[in-house]
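I have placed the structure first, in the form of structure tokens, so that the comments after it can refer back to it.
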Amino acid sequence: MRFIPHTEEERQEMLRAIGVERIEDLFADVPEAYRFPPLNLPPPLTELEARWELEALAEANTHAGQYACFLGAGAYRHFIPAVVDELLRRGEFYTAYTPYQPEVSQGTLQAMFEFQSMICALTGMEVANASHYDGSSALAEAVLMALRLTRGERPRILLFPTIHPEYRAVVRTYVQHLDVRLEGDEGWTREQLREPLAVLEALEARLDGKTAALVIPYPDFLGRVLPPARLRETADRVHRAGALLIAVINPIALALFDPPGSWGADIVVGEGQPLGIPLSFGGPYLGLMATRMAFVRQLPGRLVGETVDREGRRGYVLTLSTREQHIRREKATSNITTNVGLMALAATIYLSALGRHGLRQVATLCYHKAHYLAGRIAALPGYEVWTEQPFFHEFVVRTPRPVEEINRILYEDYQIIGGYDLGRAYPELDGHMLLCATEMNTREELDALVTALSEIGGLKAVAEAGKDPL
Amino acid sequence: MRFIPHTEEERQEMLRAIGVERIEDLFADVPEAYRFPPLNLPPPLTELEARWELEALAEANTHAGQYACFLGAGAYRHFIPAVVDELLRRGEFYTAYTPYQPEVSQGTLQAMFEFQSMICALTGMEVANASHYDGSSALAEAVLMALRLTRGERPRILLFPTIHPEYRAVVRTYVQHLDVRLEGDEGWTREQLREPLAVLEALEARLDGKTAALVIPYPDFLGRVLPPARLRETADRVHRAGALLIAVINPIALALFDPPGSWGADIVVGEGQPLGIPLSFGGPYLGLMATRMAFVRQLPGRLVGETVDREGRRGYVLTLSTREQHIRREKATSNITTNVGLMALAATIYLSALGRHGLRQVATLCYHKAHYLAGRIAALPGYEVWTEQPFFHEFVVRTPRPVEEINRILYEDYQIIGGYDLGRAYPELDGHMLLCATEMNTREELDALVTALSEIGGLKAVAEAGKDPL
Amino acid sequence: MTEPLIFEYSVPGRRGVELPEPDVPETPLPEGFQRADLPLPEVSEVDVVRHFLRLSQMNYGVDKGFYPLGSCTMKYNPKINEEMARLPGFAHLHPYQDPETVQGALALMYHLQEFLKEIGGFAAVSLQPAAGSQGELAGILMIRAYHRDRGEGKKRIKMLIPDSAHGTNPASSAMAGLQVVNIPSDRRGNIDLDALRKECDETVAGLMITNPNTLGLFDENLLEAIDLVHRCGGLIYGDGANMNALMGICKPGAMGFDVMHYNLHKTFSTPHGGGGPGAGPIGASERLAPYLPGPIVAIDRERTVRPDEPFYTFVWPERSIGRVRAFHGHFGVFVRAYTYIRMHGPRLREVSEAAVLNANYLLARLRGIYPVPYDRLCKHEFVIMGKIPGTPIRALDISKRLMDYGFHPPTNYFPLIVPEALMIEPTETESKATLDAFAEAMRRIAEEAREDPERLQQAPHTTPVRRLDEARAARSLVLRYAPAPAPQPASEPR
Amino acid sequence: MTEPLIFEYSVPGRRGVELPEPDVPETPLPEGFQRADLPLPEVSEVDVVRHFLRLSQMNYGVDKGFYPLGSCTMKYNPKINEEMARLPGFAHLHPYQDPETVQGALALMYHLQEFLKEIGGFAAVSLQPAAGSQGELAGILMIRAYHRDRGEGKKRIKMLIPDSAHGTNPASSAMAGLQVVNIPSDRRGNIDLDALRKECDETVAGLMITNPNTLGLFDENLLEAIDLVHRCGGLIYGDGANMNALMGICKPGAMGFDVMHYNLHKTFSTPHGGGGPGAGPIGASERLAPYLPGPIVAIDRERTVRPDEPFYTFVWPERSIGRVRAFHGHFGVFVRAYTYIRMHGPRLREVSEAAVLNANYLLARLRGIYPVPYDRLCKHEFVIMGKIPGTPIRALDISKRLMDYGFHPPTNYFPLIVPEALMIEPTETESKATLDAFAEAMRRIAEEAREDPERLQQAPHTTPVRRLDEARAARSLVLRYAPAPAPQPASEPR
């Protein structure tokens with residue numbers, strides 16, 4: 001029977017050893033009225049039949065390998081070298097549990113230590129945990145951490161409006177029954193949203209003795225990167241107000257841009273999916289979380305530390321578990337136990353394989369391609385592109401027709417998966433689309449999108465591909 | 001540079017240690033006129049670009065997962081459980097060399113010992129080698145082995161005409177400059193080919209003091225299985241004539257049918273591809289070769305034997321290497337060195353995963369599906385099916401229109417990859433098609449083929465699906 | 001055998017995987033934005049392969065051998081699951097694609113919801129939570145929202161939690177702003193009804209029950225406990241970590257649980273990945289269903305053209321507590337769990353039966369060698385005490401020594417209510433031969449405890465490293481790589 | 001650490017992977033055909049996974065560490081190759097599909113032929129042979145066919161083979177019915193021209209040259225030797241096993257080789273698989289091209305519609321020696337080699353340069369520690385003598401001891417002309433750090449030889465098994481599993 005090895009003879013032998021007659025006897029303690037209910041599930045399939053069914057389900061989707069895809073908005077399609085999956089598929093890694101027994105878990109533990117080290121390197125922070133569920137829940141935990149670090153005396157959290165809308169929603173879910181006020185992320189006009197430095201200034205002005213933290217995105221949901229020099233000032237102001245600066249980052253962007261550690265962030269969170277993890281319809285992804293060493297005891301999640309064995313050899317263990325639920329129970333820093341270890345391993349392998357040079361190449365390609373695409377679309381009549389700030393991965397386009405309509409035509413007539421409809425999350429940005437380009441989008445694809453948008457815009461002509469687009 | 005790790009600094013350091021100035025100096029011994037010729041190859045690709053190019057090439061093919069496929073003729077599409085590739089992809093297995101150093105190669109060696117054991121179990125023979133290139137070259141080596149076993153005094157080999165035509169061609173290639181006569185496989189009429197027992201009798205009648213071996217297929221190229229009881233008689237006759245009986249088998253068929261070991265074959269060869277190896281456009285496949293223990297010293301190829309280490313623990317080594325080229329040079333039993341170890345490992349995992357029960361299921365499904373299909377096609381006006389003998393995997397159909405034409409229509413109008421055109425290899429079977437069914441062909445596919453053939457036959461109606469086809 | 005850190009292989013200027021040169025005109029980075037250094041390793045591809053291959057060999061997984069880690073359900077992870085999750089039609093879907101372009105994925109999620117509803121006996125299921133602990137938090141938030149909507153949000157602030165509960169239960173309750181009240185266990189390992197009764201008042205938000213509990217016992221007071229709490233207006237949260245004992249055996253939803261999480265990475269065979277990803281879908285009774293976290297998948301009747309081809313779409317439960325994560329949950333894990341459930345169907349009951357059979361058989365083999373604190377029929381796991389009378393041996397020593405016998409140790413020192421606890425969960429995918437070999441190793445260790453206790457105290461002897469100094473790790477925190485003056489050479493004789 | 005045989009896990013009636021029930025009416029098997037028993041193992045899927053995972057851990061591959069096995073070119077096998085070969089559009093193609101349905105596969109084969117022609121300097125290439133040795137046999141058959149067509153088939157029966165040649169050379173010649181004549185090497189490791197000259201007469205079929213030869217040396221008499229043989233009417237066979245030294249350095253075809261095999265699993269990075277599959281395509285000069293084994297891929301001008309989209313098809317060389325195997329060769333290996341060549345293009349020269357750089361560097365590091373029999377510039381590999389003067393240590397002891405240092409040993413006792421030969425080929429994918437670590441291990445072993453020779457003679461000490469009794473294996477042949485009275489228990493304490 002599938003994965004149960006027993007033969008009937010063995011089963012009988014085991015029942016005899018237990019001292020019962022039938023399997024059913026093992027369930028005498030289950031209230032009789034509820035015992036052995038029918039399970040109304042479809043009949044079992046063999047592996048071959050399951051494969052057929054799953055293949056049919058998979059083929060009922062259109063995926064980003066078939067159509068050119070310009071969706072980003074928090075999930076990014078990047079090149080994943082073959083070496084990542086080759087190593088991830090080693091049974092010793094993926095069929096292990098959380099490394100509670102370090103002597104037989106050095107593989108996982110050392111890899112997690114390397115992961116923590118790499119996230120510190122990327123963010124410029126001093127300590128990183130061994131992962132959180134995803135970027136959004138990492139942000140929620142960072143907010144809770146900031147509340148703890150300010151001893152619960154500061155119930156206010158200021159959120160930048162162009163933090164990923166779903167991240168802000170998750171924070172709201174987490175704190176809904178706590179005495180916490182989330183402010184700053186709503187009620188802005190389109191014009192205001194278009195001027196992030198003004199928004200920043202306005203939020204800074206609201207810092208006070210009740211504020212635990214200011215949360216800023218880097219880059220923001222609209223792809224825009226705020227000037228590091230300006231953020232250094234923000235950090236100063238936040239710190240002068242006795243609050244913490246939390247940054248929500250995109251790890252690929254950090255290969256190019258000055259990291260939060262260098263401009264003064266206190267807690268850094270982000271979505272690690274771009275680091276070698278497939279889109280997979282939204283999960284599992286990889287929550288990143290890093291902070292200053294001074295705050296380590298309020299950091300939630302697993303931490304791997306270096307130590308030695310009884311013969312003096314270097315080794316790794318889970319450490320500071322006194323912060324965690326299985327020791328501290330209701331006084332723990334978080335309830336988290338299972339995180340996304342395998343995704344952290346994927347990112348560790350990815351970052352090792354690409355290394356300093358390769359990751360820079362990825363970031364540079366994304367930067368150039370997004371800017372090339374933005375430049376060409378900006379030249380199309382009827383479209384307007386937000387290019388005031390430098391951007392990464394993605395940018396905002398005002399479209400001459402409803403975004404949904406454009407996307408439908410792109411899909412049906414051009415085999416293109418279009419951009420994210422900003423009206424979904426920001427009513428004030430109705431009629432605006434967020435378009436993303438990565439190293440996976442060839443110039444041919446970018447040009448095809450431009451041509452398609454031009455045709456859909458109902459306005460002929462426009463510059464040919466490659467002609468001085470900016 | 002791709003897979004070369006050196007930095008420029010390291011390169012210089014190494015050159016200094018060698019005592020030369022430039023890399024070019026290392027090639028001073030290459031005749032100057034020929035040194036450093038231009039290499040006119042397309043420019044290098046990164047991994048991502050290579051992936052794009054290879055994916056495009058792969059997509060330029062129609063494969064047996066997309067269209068229903070009824071080709072067999074020596075290469076069979078079978079279900080391969082996921083566990084096979086999962087284990088085959090372990091770097092310790094596939095990046096190892098031939099296990100010359102047994103202390104660090106016990107994995108390969110023990111698996112090969114298990115492979116040998118399983119091939120013995122399947123064929124009913126006493127000893128099997130650790131694989132040969134493929135079924136055809138295994139047959140050629142078996143013929144050479146038979147010549148050696150008869151001390152070169154018997155230059156004649158009798159070949160059954162319905163051994164795979166390409167196997168017979170390979171044997172001809174191997175012996176073309178030796179004093180050997182290959183006979184018996186040509187010059188038969190269609191009517192004679194349809195009566196394999198009569199052919200067998202005729203070949204038996206040609207056994208004489210100059211005959212080294214009679215080679216028979218089981219099942220034959222046309223799918224037909226000769227009665228084991230009759231083959232026992234053949235073996236007696238062959239042995240009385242002082243010759244050897246060589247059998248060319250299909251390993252899946254041996255899960256159902258009386259194995260050659262039980263009816264007296266002396267050497268058994270076959271194509272192991274059906275045992276968990278993908279079609280892969282014809283290779284790499286897996287040559288199987290087994291014999292009696294008495295003949296082991298004339299068996300070509302690697303052999304793994306059991307032994308003990310200095311502490312008395314069981315272990316495995318390559319053995320009887322005095323038969324082999326690296327020791328015996330021109331006196332070796334064969335020139336073979338690299339075989340297809342990884343394919344043998346695949347077969348070992350496959351046979352372990354399916355086991356006695358699973359392999360029987362595979363064979364039974366193939367048997368029932370081919371017979372169901374044959375029965376339904378036999379009921380179509382205009383088509384005639386050869387059903388005199390029991391068959392396995394495949395069967396012969398005389399078609400009302402040229403096979404090539406039928407196949408073209410099947411492909412273009414029905415998304416079906418049709419059968420093998422027997423006229424290609426047997427002019428006397430022009431207008432005949434070899435159709436194969438395995439567990440991968442659902443009843444839906446079988447019925448769709450019947451419907452298509454019916455329509456292509458230009459003759460309406462015929463029995464509905466499922467109505468008493470035999 | 002130790003392995004250098006990947007950073008220690010780094011050589012400045014060495015290249016690993018490279019990307020193509022830009023095929024578009026380049027845009028200069030603005031002044032003042034660029035980062036100075038990027039201290040990532042610089043290694044070759046073969047360095048990466050060898051490093052992680054060697055690390056993997058320093059790990060123990062279910063694929064290596066028996067892993068009886070109690071409460072973790074370390075069953076065999078079918079390999080077909082891995083292949084299915086990697087099909088391009090699943091792996092390369094963007095979460096914001098239009099529903100029309102991802103009907104296969106949505107159908108899979110919809111059916112998985114339906115399967116879990118049926119298995120757990122719930123009215124609705126949300127697949128959102130990323131892990132059991134997040135499922136717990138969501139469930140507790142749902143309970144709080146329910147009370148709030150009935151005007152009792154401020155009043156009902158007590159979460160009752162048995163002392164045998166997983167640590168996540170109190171931690172999740174605290175995160176949701178509740179006060180935790182511990183309920184002791186009675187002598188048979190059940191919830192102490194008298195103690196429970198005392199706490200049952202109008203301040204109770206709910207009771208969190210793990211059943212079978214972490215002693216591996218089916219709570220004999222279950223229905224009564226549920227009834228007590230319901231009668232005082234509280235709700236029942238089920239910690240579904242132990243569902244592997246109950247599939248087709250009984251349905252928590254039918255017995256009165258209001259909300260429960262499932263651990264797909266335990267019960268439904270998705271691999272644990274060395275610490276995740278898991279997935280913690282939650283099922284809810286009729287009254288809590290409107291509060292489920294969203295979005296969930298439903299059939300859009302309006303867009304359905306043919307009845308046999310429903311159109312699937314995301315919807316929001318009416319009074320949802322909101323999102324617990326961005327996007328739609330751990331889809332890659334769903335594919336694996338779906339595959340597993342489809343391969344079993346109603347025969348999931350046989351899975352639970354075999355899991356319970358294996359646990360009781362192993363308990364029978366160990367009884368008499370080690371003390372059994374609560375000795376009755378167990379379910380999928382059981383707890384013994386890692387003590388050998390007359391010896392200094394502790395549960396930890398036994399755990400470490402088991403490694404030398406080629407086994408992963410059981411969970412040790414949990415549940416907290418059993419001193420020197422060893423919590424053993426064999427799962428249904430282990431054969432009698434494996435259980436016998438483990439029992440035999442445990443018997444020999446008991447012998448060794450008497451004959452050569454030091455050998456046990458110094459165990460393990462054969463692992464890549466010996467017993468590690470955990471105190472030192474916590475004392476002098478080294479949590480990331482810092483270049484060392486003299487890195488270890490790559491090849492030491494052994 | 002030993003692992004039972006998979007047969008020893010078998011329990012009658014246990015099920016592994018199961019297949020669906022028949023969906024068609026069943027046909028009874030005729031009387032007298034059915035086999036009685038089928039003594040295959042009966043194990044569960046998890047047994048299979050654990051068994052082969054444990055076996056794999058008892059193996060050493062390039063992915064584990066340095067593998068300087070001379071003449072085998074154990075370079076890193078890029079992982080992208082593995083993914084590409086598994087694309088459904090390659091893996092699921094039937095060899096008898098109509099060319100129209102497999103144009104991508106045929107294009108790949110065509111271009112691979114073209115690439116190999118360019119790299120080797122040949123007029124045509126056939127991808128058919130399954131391995132180097134089969135390529136050799138095919139090449140020799142081509143030479144024989146050529147002579148036969150010129151009426152010299154019976155006369156030209158001598159194949160001249162240097163004494164440093166691989167054993168396959170004489171073995172292949174013998175299989176083709178030729179007589180083997182050994183040609184000694186001169187003091188510099190080259191073909192001894194005087195000895196060669198003596199054999200050059202009208203009975204010569206050809207000369208087989210490995211260049212660089214198995215000493216790792218570029219033959220300084222190469223052009224003269226070729227000329228001598230050509231002048232007496234013989235042809236030159238090239239053993240291409242050592243092409244990793246020559247890509248972009250020189251083209252054998254241009255220098256007068258008439259036919260040569262390539263080892264895709266050496267030079268072109270396809271994995272060796274623990275003993276194959278390899279692939280041994282052969283290149284031929286103008287005069288031998290018509291004799292190549294078939295079929296090969298060509299452009300069908302008639303079926304080509306657009307010039308930029310050629311139509312590819314299989315064709316037969318005019319005077320082909322025939323097939324050397326069924327179907328079209330090791331296509332899965334071609335995909336890997338094609339990928340590798342495409343990722344390098346003209347920069348393959350850098351591959352050969354780095355391979356030669358690494359060998360000369362390692363030679364420089366080992367010179368002075370071990371005797372070097374032919375001490376001049378080497379190419380991609382070199383040979384030292386595994387002797388330490390004044391000690392009883394042999395090459396085998398050094399090889400076994402290297403395992404304790406974490407390295408795979410070099411090829412030992414080959415070539416036969418060097419006593420106690422250790423043949424070392426580092427390949428270009430190894431870093432200086434790895435070469436330094438290996439050199440250091442070799443230096444320490446030389447020290448150990450003097451200080452503690454017994455330790456070397458008893459090596460290895462840390463492998464899954466210790467030195468194995470090969471004589472016993474050959475003496476009392478056990479070549480397959482036979483049920484033992486008492487199988488080993490699965491778990492022994494270690």
Side-chain angles (χ1 to χ4, degrees), chain B residues 4-5 10 14 18 29 34 39 41 44 54 57-58 60-64 71 81 87 90-92 94-96 98 103-104 106-108 117 121 133 136 166 169 173 177 278 280-284 305-307 309-310 315 319 325-326 329-330 332 335 338 340-342 355-356 361 371-372 443, chain D residues 16-17 19 23-24 27 39-40 48 52 55-56 58-63 84 87 89 91-95 101 104 130-131 133 167 170-172 174 177 180 218 248 250 271 273-278 322-323 326-328 330-332 345-346 354 360-361 431-432 463 465-466 473 478 480-481:
Chain B
I4 303 172
E10 288 174 325
M14 292 166 82
I18 297 167
D29 46 10
Y34 299 101
L39 264 192
L41 295 172
L54 272 287
L57 284 171
N61 306 311
T62 306
H63 63 80
L71 280 169
L87 292 164
R90 291 187 59 85
E92 299 97 322
Y94 80 79
T95 73
T98 302
E103 296 85 0
V104 289
Q106 285 299 299
T108 296
S117 304
Y133 309 134
S136 68
E166 295 188 3
T173 302
H177 293 286
S280 193
F281 204 42
E306 188 181 305
T307 187
D309 78 353
R310 57 186 300 143
T319 194
Q325 49 74 28
H326 62 286
R329 300 177 80 84
E330 65 269 26
N335 70 337
T338 291
V340 288
L342 200 69
R356 180 201 304 249
Q361 277 191 302
H371 282 80
Y372 169 76
R443 180 177 184 150
Chain D
V17 174
L19 275 286
D23 59 354
V24 295
T27 306
L40 289 174
V48 176
F52 288 100
L55 285 187
S56 79
M58 294 162 78
N59 244 28
Y60 192 103
V62 175
D63 280 5
M84 295 303 96
L87 289 172
H92 301 151
L93 295 184
H94 192 285
T101 71
S133 50
S172 303
V180 172
F218 196 100
C250 62
R323 291 193 161 272
F327 311 122
H328 331 304
H330 284 179
F331 181 76
N360 278 286
Y361 175 72
S431 66
K432 178 173 173 298
T463 44
V465 291
R466 302 285 302 278
V478 180
R480 63 172 166 142
Y481 165 75

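Letters A, B, ... are given to chains in the order of the sequence lines, protein chains preceding strands, and every chain is numbered from 1.
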Take Glu92(B) and Tyr60(D) through the test side-chain contact (heavy atoms from CB on, under 4.5 Å) and record every step on the way to the result.
-> CA-CA 6 Å; Glu92(B) 299 97 322; Tyr60(D) 192 103; over 6 Å; no
When rounded to the nearest 0.5 angstrom, what distance separates [atom1] in [X] from [atom2] in [Y]?
X: Leu57(B); Y: Met84(D); atom1: CG; atom2: CE; value: 11.0 Å
X: Ile4(B); Y: Ser431(D); atom1: CD1; atom2: OG; value: 12.5 Å
X: Thr95(B); Y: Asn59(D); atom1: OG1; atom2: CG; value: 8.5 Å
X: Leu71(B); Y: His94(D); atom1: CG; atom2: NE2; value: 5.0 Å

Among the options Ser56(D), Gly16(D), Pro39(D), Ala91(D), pick out the one with the most heavy-atom pairs lying under 4.5 Å from chain B.
-> Ser56(D)
Would you check if the side chain of Asn360(D) reaches a backbone N or O of Ile18(B) as a donor-acceptor pair within less than 3.5 Å?
->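 Side chain of Asn360(D) to backbone of Ile18(B), a donor-acceptor pair under 3.5 Å: no, none is there.
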Mark yes or no for whether Asp309(B), through its side chain, and Arg466(D), through its backbone, hold a donor-acceptor pair below 3.5 Å.
-> yes
Run the numbers on Thr108(B) and Leu55(D) for side-chain contact (heavy atoms from CB on, under 4.5 Å), then give the verdict.
-> CA-CA 7 Å; Thr108(B) 296; Leu55(D) 285 187; over 6 Å; no
Which class fits the ring pair Phe331(D) and Phe281(B): parallel under 30°, tilted 30 to 60°, perpendicular over 60°?
->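 Perpendicular, since the angle between the ring planes exceeds 60°.
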Compare all side-chain heavy atoms of [X] with those of [Y] and state whether any distance is below 4.5 angstrom.
X: Pro346(D); Y: Pro44(B); value: yes
X: Met14(B); Y: Lys432(D); value: yes
X: Ser133(D); Y: Thr338(B); value: no

Side chain, backbone, both or neither of Leu87(B) within contact of chain D (heavy atoms, under 4.5 Å) |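 Contact with chain D: side chain only.
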Using non-hydrogen atoms and a 4.5 Å limit, figure out which bit of Arg90(B) sits close to chain D: side chain, backbone, both or neither.
->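 For Arg90(B), side-chain heavy atoms alone lie under 4.5 Å from chain D.
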Using ring-ring contact (aromatic ring centres under 6.0 Å, His included) as the criterion, list what pairs up with His177(B), not counting sequence neighbours.
->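 Per chain and number, His177(B) pairs via ring-ring contact (aromatic ring centres under 6.0 Å, His included) with no residue.
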Relative to chain D, which of [options] shows the most heavy atom pairs under 4.5 Å?
options: Gly107(B), Gly355(B), Gly341(B), Ala96(B); result: Ala96(B)
options: Pro284(B), Ala169(B), Ser136(B); result: Pro284(B)
options: Ala332(B), Ser280(B), Gly315(B); result: Ser280(B)
options: Ala121(B), Pro81(B), Pro278(B); result: Ala121(B)

Heavy atoms only: give me the nearest Gln106(B)-Val465(D) pair and the separation to one decimal.
-> CG-CG2, 3.6 Å
Minimum-distance pair of heavy atoms, taken over all atoms of Glu103(B) and Thr463(D) =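 Minimum heavy-atom contact is O-CB, 3.5 Å.
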Ala130(D): partners by side chain to side chain contact (heavy atoms under 4.5 Å, CB included), with sequence neighbours left out = Tyr133(B), Gln134(D), Arg325(D), His330(D)
Chain B contact via Leu87(D) - side chain, backbone, both or neither, heavy atoms under 4.5 Å |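 Leu87(D) touches chain B through side-chain heavy atoms alone.
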